[in-house]
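Order of the sequence lines sets the chain letters (A, B, ...), proteins ahead of strands, with each chain counted from 1. Computation of the quantities below employed the complete heavy-atom set of this structure, encompassing side-chain atoms and omitting hydrogens, waters and symmetry-equivalent molecules.
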Amino acid sequence: MIVNPLRSRLRRWFRPPRRFRLTREGKWFIGATLILGFAAVNGGINLLFLIFGMLLCLLLANGFLSEASLRHLVVTRRLPAAIHARTPFLVGIAVRNAKKRIPTFSLEVEDMVAEKPVDRRCFYLKVPAGREQETAYRRTLPRRGIHHLSGLRVSTRFPFGLLRRSMDVDAPAELLVYPALLPVTDAVLASGLAELNDRQSTTRTRRGEFESLREFRPGDDPRDIHWRTSARRGRRFVRQFEGNTGRLVVVALDDAQPKEASPGGDRAAPFEAAVSLAASAALVLLRQGYQVGLATSGAFLAPGAGNIQASHILRHLALVEMRPAAEMVPAMLPAALRGIAVLRVLQGPQAPRLETSRALAGRPS
Amino acid sequence: MGAMTRLVPAERERTAAELVQRLERNIAQVIRGKPAAIRHAVLALLARGHLLIEDVPGVGKTTLARALALSMGGTFHRIQFTSDLLPSDILGVSVLEPASGQFVFRKGPLFANVVLADEINRTTPRTQSALLEAMNDSQVSLDGYTYRLEPPFMVVATQNSEEHYGTYPLPESQMDRFTLRMRIDYPSAEDEKGLILEAPAVTEDALARLQPALLLSEIISLQDAAARVRISPELAGYIVDVARETRRSPFLALGLSPRGELAWRNVARASALVAGRDYVLPDDLKQLALPALAHRLVLANQLDSTGRVREEAERVVKDVLNRLPVPG
Amino acid sequence: MKFRLIHKLTSYLLAGTALATLASSQTASWLSVAVLAAAAILSWFVEPDTRLGRLLDRAVPLLNLATVGLFALAVLQVVRSFPEVDLSPFLDFVLFLLGYKLCQRRGNRDYLQIYILSFLVMLAAAWQATSAVFIVGFFLYVLLATWTLILFHLRREIEENYLVRHTGDASGARVTVTRVLNSRRVVGGPFFLYTGLVATLVFGGAALVFASIPRVGLGFILGGVRRQTGVAGFSDEVKLGMHGVLSLDNQTVILRAQVPRIAALRSDDARDSTIASLYWRGTVYDTYENGEWIRSRDEKTRTHLSLYHSPSNDGRTYVLSSPQAPGPPPGRTAAISGAVEQDMEVVALTHAVVFALDQPVAVEMPPPPPGAFTAVDVEARWSGELGLRVFRVSPFDRNDRRTVMPEFAGARYRAYSRASRLGTDGPEGQLLPEALSPYLRAARSLSPRVRELAVRLTAVQPSAAAKVDAVVKWLRATHRYTTDLKRDASIPDPLEDFLFHQSAGHCEYFASAAAMLLRMGGVPTRYVNGFLGGEWNGLRQSITVRDNRAHSWVEAYLGSSGWVRVDATPAVSRAAHMTRLRQVLDAVEMFWSRWVIEYSASQQLLLARQLSREFGWLQPHFSPRGTHHRASRTQVLAVAAGAVALVVVLALRKLPRRRAVRSGLRRGWRGEPPVFHVYQRALDRLAARGFARRPEETPHEYLARARKQGVASADALARLTECYAEARYGDIEVPSEVVLQLRAEAASIGRDS
């Protein structure tokens, strides 16, 4: 959903960034003013003209004061670190009043998606001059993926509530929404992976037998760097120990388009469920100290650990799309990872399920 | 997404719903034809609460409790409450071990995952209060030491509704500690016939052969999931309104307490979780209102027979629900 | 101060200001104003949770009944007053409602109603106000209205936004609202200062609008006659015993006169004493019958005028003459040479009369200002009385005066008078006896003893002057002056009652008595209503005559002296000198009445001309001759309609065309999700078909019942209920395309296919 920049510019030309709209009270007010004007002109009573003038000037004052209120405001958005689908998250909106003396009253800020406001309003009763105030709104997004926010709409009905004046601020943002998380009990994972780990050495020490070399990844212990190879190749390489191998897992996601629809009638549901399960399982494993990689039919993410790896995996899973069955490309795993544990996430009509197996190099498992 | 997109319930809750279904199916193997009773038991478990079964004898209270314990792979103890039962008989006692010369605490039957407190109204108030305190705190304090009751911990207490000769019926404040009060009631005619035709050994055998359907850790994660179910402020207001209404009712001497409100909310959350939702619907609240609330209310004119009291209290609750508008 | 308290205070001050302005404009009865003021003060202490508040709560049904009853009564009274519609019962009703609402302040809606009611009170005050005090009230009202409306808006926003659903915690929200309303930091001194400045600008703007909106005259749009603003006690009828003339409290200014001869006097005492004896002649009557003086409209009594052109200002001069007097009527120069000049300004009266010092000889009317729509002219009445008439004038031909306008908005003119005193040569020479016969008619309602008395008093006197003297002396000796009249109802004629039974009366009685007695003694007399004396205003070098100086006297024909003024009333001294403060106030009042109350199109054009002269703008020019004045009215209407259309187009252009409106997804005014609206509409549709959701039913229970009942398209309702429940209880956003689909389906819910 990339908005055509030209179109948005044209749109902004025809619709000025500052606009006003009469509120319900404002309509009544104008009606009363017109009736009064009629009565004054018809009846020839001079003092009624004075009152008519007062009503007219109050309306104008509303327009001017609301305009003055909206000037010199700096509005920024503060996004949370991670957003998961179907999980509420808080978006902070900070308003700074850059005026020197005049405070801004009764301000409302709404976030906008494609020039349409989202129905969460942040309200600021009074932002004193030169100060900043921040408040947050809570939102839950139903789907994973990229979510665009186009801007912020700042509006006020100050001072009399007869007009609503609003101003659109350009504040484009892209929210990357990670898949919804499911509670994956450790039991499920532990039972499956424990089998695989049985065959590995049970030594608890870090240093087992030296097995292979792989490229240095942030988070690796620098003491493991194999300097000779690194000097030769020009990049850093670390020694891969058996113990480390034992704690390697690749989460393989079955991203084929589901053949039959789920009972709910939604074709994509099993796939989404599988994606969520994959994300949840990966996070749990990472937390447990595994080094987790990700494999889908189109891509492969080498195992790693830490928050950065988590965000890589989540990012990938946020953006992964179903692949039509005909295009199914078998996942290729690099030779170096032969023999590591693979946690397959399979789609199912009712619910996704997990399967553990061992990776055979060059072939999908 | 051009076509009509049916909103898919949240994935994690669907998994929870299936887990619960597995549990219930397992229990149903030995309790026939009582899905509501099984459901109530499971809800009380997920709400981290305790169950009170007020019923006639011989309808399968023990079977239900034992089946529940077995189905979740937990331990089960049955305590038969008699009038001479002491607190130490249920909590445990410290004995002197001659070999080491130390006092060792031997845990009483209360230390189990599911404890059936049978005929709780037969024992002295002292023993009752020992039990109830342990239920409340989830721990036992003796001789300066505190012993935790391992979660999941649930007490299924039974009380014979008709009998009251030589009994110490639970006072209202203690009734409040039970999340739900339910009856199992007599089975349907067919089920009864089936029961009789079956050889008795089959039933006991079935119970003995019952395998766990879930792990204890899964139960705990289900309990956590239930606690995370969201309830909207409107419904919270509705709970409060109902409580206030009961306190105002002329038929009641004592209305719903805040503890009762929380229990109601917890069990509604569990119900939402079981239905596969991550938010509470007013239907969850309304459907569980009778089991969750009726036993906490004290009638203004207490009649002698316990049975009539129960109907009366339920009637008051129904009346309050019919009068109050549901938000939304 | 707490925010809540400040808001309450300003609201009360607003209502109080409106009330005070109403009281100053003397529109409503003192009683209702006083009662309302008391109720308002009491209501300050009535809060919903106090004992008084609870007491009032219990009285609410009764008060509601009273409201309905009073409204019906008001409607009845207004209907009964047709065709002269008198809206004052409505005003009383509004006052009652205001008092009621002040006692029943609960939420924002009640405050809003209080503001609307006080606005109506202010309107009523503007409708009738004539004094300059209104401007003070108006300024205060603008100031307080600005403050109050802003505070009201803030309060509304606080309550609306802190109770919005997604702040999460309902009980917490209520606490927050209370905390904010009790906060002292929301508004402070600088806030009121700045908004006070804004209010002043609004006031100035209002004045500007007032000055610039074209005045197109009465009934321009709908055609209708406004009630005359005349509140003067001076009336056209004289009925003895009716307090038509005398209201000593009536401070309304009737006329202002600049008399150069008096202004030239140096000594204060001389001036004061001269002013005290100034008789301003107004209406004249010749026939008395049964307590009432009327004009017989006998041709013999008609005033004769000769019209001359005034060279100095291009106006018209009317010279009074009498056809019976020998010789040709005097020319203009002859008539006015040596006469006392008075520049008169008469305010709006119910009865438009030329006032001039006793005895007027000529009246000069200035021409109407160029482009003016109306002009005032003199018309001849009876017995030397001159009336004023208002004509609609064509702007192109000032001599084209055709239509008479009913409203009299005051006039300015120059009068010339010669004093009439005993012994001087009056302007009228010998009149023939036929001309005097109307003035000798005696009343039939008087019994013979009156004539006996008259004969007794006058028979012995040698001359008419002596007769006059004797009658006046007798009257002054036997009766004293009072305004507190007593009446013996057994005597049909009040004059006879006065003469024989009462020992006191006011000037009407003295004058009537003198007139009748002299007539019966053979001296022709006529009865004059006017004003006596005045107040000197040193600031403006003018004499101000107020309504409380209304006076009656007699003119007696004394042969060669002509008509001579006779004042039979015992002298009552009145202060003739205004204090400095009084002078300033008087000057202000004069300015106010001329430039605000009587602001008219002619003044606008005058102002426009002055401004255009200053700024060199284009002078307003008129379309070429030949257009009827009716056409000009159509032109103005067309221009006005064009202006209104322009404003409307401008306003519409600025309205944003929001996509949401186009796609039909309306949001609730509190920002609720659109699916709520769709659900609610579906429920309304079902309810209209007789299947309404009960308040204690949950959405799913309702759905189940609908299914059982066999409601059509229950599946669509099921989908809608699911989405609605998810959004409402689960706070989960429903994608807009889904909502659109639901909306399309919802149309079929409940409809029997």
Q | Interchain contact, B:L235 with chain C, by part (heavy-atom threshold 4.5 Å) | A | side chain
Q | Contact origin within C:R694 toward chain B - heavy atom pairs under 4.5 Å | A | neither
(Q) Under the rule for salt bridge (Lys or Arg N to Asp or Glu O under 4.0 Å), what residues qualify as partners of C:D110, not counting sequence neighbours? (A) C:K101
(Q) I want to check something: taking the side chain as every heavy atom from C-beta on, are B:I220 and B:P152 in contact at a cut-off of under 4.5 Å? (A) yes
Q: Indicate yes or no for a side-chain donor-acceptor contact from B:E54 to the backbone of B:R183 under 3.5 Å, with no hydrogens or angles considered.
A: no
Q: Tell me, for C:Y724 versus chain B, whether the close heavy atoms (under 4.5 Å) come from the side chain, the backbone, both or neither.
A: side chain
Q) What part of C:E697 gets closer than 4.5 Å to chain B, counting heavy atoms only: side chain, backbone, both or neither? A) backbone
Q. So, B:N266 and B:T179: side-chain donor and acceptor under 3.5 Å apart, yes or no?
A. no
Q: Taking all heavy atoms of C:C723 and all of C:V734, pick out the closest pair and write down the distance.
A: O-CG2, 4.0 Å
**Q.** Pairing of C:R719 and C:E722 as salt bridge, 4.0 angstrom limit
**A.** no
Q. Are any of the side-chain nitrogens in B:R181 or B:D55 under 4.0 Å away from the carboxylate oxygens of its partner?
A. no
(Q) Is it the case that the ring center of C:Y115 lies less than 6.0 angstrom away from the ring center of C:F152? (A) yes
Q: Residue by residue, scan residues 281-290 of chain B and write down, ordered by number, those that have a heavy-atom distance under 4.5 Å to chain C; if none do, write 'none'.
A: B:L281, B:P282, B:D283, B:K286
